[in-house]
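All remarks here apply to the structure that follows.
Residues: numbered from 1 along the sequence shown.
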Amino acid sequence: MKSWQKTKPTLGWPRQTDSLCPNCVREARAEILEGKRDVSILLNEKVGEIKAQIIERDGQIWMVKDCPVHGHIEDLMAIDSKFFKHIEAVFPGRDIQAHNDARLHNHGSSTIKYGRGAVLTIDLTNRCNMMCDPCFMDANQIGFVHELTWDEITQLLDNAISIKPRRQLSVQFSGGEPTLSTHFLDAVRYARKVGYKVVQVATNGIEFAKRPEFARAAAEAGLRYAYLQFDGIGNAANSHRGVGNLFDVKLQAIENLYNAGVSIVPVITIVNGVNNEQIGRVIQFALDNPKKVTLLSFQPVSFTGRDEEISDERRHAQRYTLSHLAYDVKRQTGIGEPVRDWFPISFMSTFSDWADLVHGPDSQWGHLACGCHPNCGTGMAVMVDKFTKEAVPMTAFLRAEQFAKDLVQVNDAGRGKFLSLVGMTLALLRNYDPFSAPTHFRLLDLLKKFSKKFGGSQRPGTRIEGQVETAAQRIARRPTDRWNFLFIAGMWFQDLFNYDFRRTEMCIIPYGTQKGEISFCAYNTGVGWRQIVEKMYMTATLTKWYEEHGRHEIFAGGKNVPLASTAHSLSLNQEAVEASAQTDLDELGIPKNKREEKIKARSGGATSPVFRDDRAAVTNPEETAHYEKMARLYRQHVLGEQATVQIQRLTRTKR
């Protein structure tokens, strides 16, 4: 579209939007799951919907709303109104309206109305080999298995590329833990075969860490990126996930995947008071390992799945926003100015438009475009010198806002490939400040980066569309220049407390399901499409699945993952590795998860010693007995361990 054809949702404040009452939604969803109401009400009625106001209060941005039945609800949107204003001000406008897709997009108020998306997400299974907090889907806790058949996988992949004109999508296989699916490698292979240029997996990395040959097989099948769960540096920083050696697992997964030819994207779920102090350490990890890490994805916590029924006390204490992220990056690393160097992810759509113009209308695929709402995601691009480790935000030496405005004029002119390339070059020259660039950075380096990033030119050996690369070819194509383009991204998924339908209708991460393509937030939270779809298309009860397939291994309760090797070539800050876990919430007496909330409720609001996993810290005899009983039942029925027999007068236990 031309710039004047693009529309925007209502932005700024105060403004009114459509939101949800958390309690009304949960009540309606329960009635649907119990068969008391038909799922069609989600298509024909505004289930749980209420109005919400987005306002400024004491320099912060809040969402406030009132349900006539359940009362007042409010939640923090940003800690700094100036940051919020900047992010919305540079939003370039919505993507094209959704087209020719009534079969895939028909979900009532939750229907995606704009764009074609950027990343198609497909959950291969709801089974997982961990059982941690937070969790979008409450894995291993719902009593049944929802696992896609091969025919369902191919159908979902075919559906997404049936819409014409076709725009390139990445596909991300997710779960549960997608590597537990017997179809995982075949799904990766098929996705590449039918035209998905980038195939990703969202994984905890356990299978890749345990089996280097599995990482190689995934790379040969066509896996391009591993979005690796990564909550911080050191086992202590990951301890809230319940696996004793989880950081060692991450390091081994990175080593095996990188050696196989797969790029790694650490995905850090940030919970305020639990691991927000890890932001600087993770960024330093990326700076110390520039060849292995070129993208960081920080995801402020969404209170859904296992944490949907959260107390107001814990929600307000743990809430973390994109504005928190921008200021914590500056505070912990000294990199970037929040109101200068951070932009909405959708800011990149101007450059996607230019790439489409350069490739022309006869191209088989349109360019990937990120047209999400400015409140959904932000990012900062950093140019890193691989030799000296100097890191400078690109917007410190490139006037991004003016550059985008200049490029809009090039796009609106639509004068073909050659003149569009000339226009891009002139826009770069006009807005480039060499005196603020990294010490050894040249204008030629900048031109090469942009040309490669947006497809202005192709190097010899570039893969042919549809061709699956071998691991050796992928490794050979890795950049060898001095500069690493590190993108620090923040993606903030909604929950019932800050839900905004203006964001849902612009979603760029649709879930491919048996009920069509559903917005990421509408599927994982919102009215609860995940619970409904998985129940409607349940594969088997957990008992039946175990009878036919056996139990899959679960690592929880401090259990270690067995690793054949812990050798790696990554550079680590030993002080960060050895640091203890963050204790902010313990010191305030605030629970860290749902289990601790229940313990606090039973103990009448006791303080933090009750919450710690160390049994010695539990001083109440009744709580100690309850803790040991629940731990015993958990080991028997979830981890599948045999019962432990306690023999009197002996200090050891016999299994």
Side-chain angles (χ1 to χ4, degrees), residues 119-130 147-150 152-154 156-157 169-230 246 248-267 289 291-295 297 463-478 512 552-553 555 561-565 567-570:
V119 181
L120 177 75
T121 304
I122 295 179
D123 278 356
L124 297 180
T125 178
N126 70 342
R127 295 185 298 129
C128 188
N129 47 11
M130 290 175 62
E147 191 150 326
L148 297 182
T149 65
W150 177 244
E152 288 172 330
I153 293 169
T154 57
L156 297 184
L157 289 168
L169 287 137
S170 298
V171 60
Q172 183 171 104
F173 294 112
S174 184
E177 174 52 44
T179 57
L180 296 185
S181 168
T182 57
H183 301 303
F184 171 68
L185 294 177
D186 288 331
V188 172
R189 195 173 292 112
Y190 184 82
R192 285 294 294 121
K193 177 183 175 181
V194 297
Y196 291 87
K197 186 177 179 181
V198 176
V199 181
Q200 310 169 359
V201 61
T203 177
N204 57 35
I206 289 176
E207 292 303 311
F208 293 115
K210 288 166 59 181
R211 298 186 286 152
E213 68 277 9
F214 183 66
R216 290 193 293 270
E220 290 294 344
L223 184 66
R224 178 78 177 278
Y225 287 101
Y227 275 64
L228 179 67
Q229 177 198 58
F230 194 93
L246 192 55
D248 300 320
V249 170
K250 306 305 178 184
L251 297 180
Q252 201 59 42
I254 292 173
E255 189 75 11
N256 293 343
L257 286 163
Y258 180 79
N259 290 340
V262 178
S263 299
I264 299 98
V265 180
V267 178
N289 299 279
K291 293 182 179 180
K292 295 182 174 65
V293 180
T294 59
L295 172 61
S297 179
R463 65 170 177 262
I464 300 171
E465 187 170 3
Q467 175 186 346
V468 178
E469 293 176 301
T470 65
Q473 289 172 326
R474 190 185 305 276
I475 292 169
R477 285 198 324 107
R478 283 175 171 157
H552 64 273
E553 191 171 21
F555 299 94
V561 176
L563 299 173
S565 171
H568 62 81
S569 58
L570 292 155

Report the C-alpha distance between Cys128 and Asn204 in whole Å, list the side-chain angles of each, state the deciding distance to 0.1 Å, and finish with yes or no for side chain to side chain contact (heavy atoms under 4.5 Å, CB included).
CA-CA 9 Å; Cys128 188; Asn204 57 35; 4.1 Å; yes

Thr125 and Glu177 side chains, donor-acceptor separation under 3.5 Å:
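On atom types as modelled, these side chains do not qualify, holding no pair under 3.5 Å.
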
Can you find a side-chain donor-acceptor pair between Gln229 and Lys250 that sits under 3.5 Å?
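Yes, a side-chain donor-acceptor pair sits under 3.5 Å.
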
For [Y], is there any backbone N or O sitting under 3.5 Å from a side-chain donor or acceptor partner on [X]?
X	Y	value
Tyr190	Ile153	no
Arg127	Leu180	yes
Asn289	Leu570	no

Heavy atoms only: give me the nearest [X]-[Y] pair and the separation to one decimal.
X	Y	result
Ala253	Gly205	CB-O, 3.6 Å
Val262	Tyr225	CG1-C, 3.9 Å
Lys292	Ser569	NZ-OG, 3.4 Å
Ala226	Thr203	CB-CG2, 4.5 Å
Phe208	Ala218	CE2-CB, 4.0 Å
Tyr196	Leu157	OH-O, 2.6 Å

Please tell me if the side chains of [X] and [Y] come closer than 4.5 Å, counting only heavy atoms from C-beta onward.
X	Y	value
Ile254	Phe230	yes
His183	Leu124	no
Ser174	Asp123	yes

Pairwise distance [atom1]([X]) to [atom2]([Y]) - rounded to 0.5 angstrom:
X	Y	atom1	atom2	answer
Ile264	Leu295	CD1	CG	11.5 Å
Thr154	Leu148	OG1	CG	10.0 Å
Glu213	Asn256	CD	CG	9.0 Å
Thr182	Trp150	OG1	CH2	10.0 Å
Asn126	Glu147	CG	CD	7.5 Å
His568	Asn259	NE2	CG	12.5 Å

If you apply the rule side chain to side chain contact (heavy atoms under 4.5 Å, CB included), what do you find for Met130 with Leu246, and how did you get there?
CA-CA 10 Å; Met130 290 175 62; Leu246 192 55; 3.9 Å; yes

Tell me whether the rings of Phe214 and Phe184 are parallel (<30°), tilted (30 to 60°) or perpendicular (>60°).
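Phe214 vs Phe184 ring planes: tilted.
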
I would like to know whether Leu169 and Val171 meet side chain to side chain contact (heavy atoms under 4.5 Å, CB included); could you show each step before the answer?
CA-CA 6 Å; Leu169 287 137; Val171 60; over 6 Å; no

Go through Glu207 and Arg211 one step at a time and tell me if the salt bridge (charged side-chain N to carboxylate O under 4.0 Å, His left out) criterion holds.
CA-CA 6 Å; Glu207 292 303 311; Arg211 298 186 286 152; 3.2 Å; yes

